[in-house]
Amino acid sequence: MLIVAGAKSKEYRSFGVFAGIALGMMLVGTLGMNIVPKEYFGVAERFSVFAAVEYNAVLGIELFRMDLG
């Protein structure tokens, strides 16, 4: 939903861009878990796990910087 909103509105473009990056990182992590050897499973898993955490941080910063007045 945020990707679509970012594509439609210039005001919320950064939300859409960062949501797209986070979605891409989650997909890379999911696909990577099946591709890499078991010894490196945790590295690929981190992309999926930290994508949500990093997007939450970016969303908080963007909302903090927003002019609500």
Side-chain angles (χ1 to χ4, degrees):
M1 296 295 287
L2 288 171
I3 296 171
V4 173
K8 288 187 175 187
S9 173
K10 287 186 178 185
E11 184 180 358
Y12 302 113
R13 179 95 11 129
S14 63
F15 294 122
V17 169
F18 288 120
I21 292 170
L23 179 62
M25 286 178 64
M26 286 182 193
L27 292 175
V28 165
T30 303
L31 295 173
M33 285 189 272
N34 296 324
I35 295 172
V36 299
K38 287 185 179 182
E39 296 85 29
Y40 301 106
F41 175 81
V43 175
E45 184 185 21
R46 298 289 185 255
F47 279 99
S48 184
V49 172
F50 288 127
V53 174
E54 291 167 359
Y55 183 70
N56 194 19
V58 168
L59 185 61
I61 291 168
E62 288 291 321
L63 290 174
F64 182 73
R65 292 178 44 200
M66 219 174 175
D67 183 25
L68 299 175

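Not measured: the values here are computed from a predicted model.
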Next item on the list: Decide whether Val28 and Met26 are clustered together by the hydrophobic rule: side chain heavy atoms of Ile, Leu, Val, Met, Phe, Trp, Tyr closer than 4.5 Å, transitively.
Entry: no
Checklist line | Least distance between heavy atoms, Ala22 atom then Tyr55 atom | finding: CB-CB, 3.8 Å
Notebook entry, point to check: So, for Ala7 and Arg13, which heavy atoms are closest and what is the spacing to 0.1 Å?
Noted result: O-NH2, 3.8 Å
Notebook entry, point to check: Can you name the closest pair of heavy atoms from Ile3 and Ala19 and give their distance?
Noted result: CG1-CB, 3.7 Å
Note to self: So, taking the atom named CZ in Phe15 and the one named CG in Leu63, what distance separates them when rounded to the nearest 0.5 Å?
What the structure shows: 4.5 Å
Checklist line | Between OG on residue Ser14 and CD1 on residue Ile61, distance to nearest 0.5 Å | finding: 11.5 Å
Check: Do Met1 and Met66 belong to the same hydrophobic cluster, where Ile, Leu, Val, Met, Phe, Trp and Tyr are linked whenever their side-chain heavy atoms lie under 4.5 Å apart, directly or via other members?
Finding: no
Check: Would Met25 and Phe50 satisfy side-chain contact (heavy atoms from CB on, under 4.5 Å), going step by step from the backbone distance to the final call?
Finding: CA-CA 9 Å; Met25 286 178 64; Phe50 288 127; 5.6 Å; no
Next item on the list: Mind checking the CD-CZ spacing from Glu54 to Phe18? Nearest 0.5 Å is all I need.
Entry: 11.0 Å
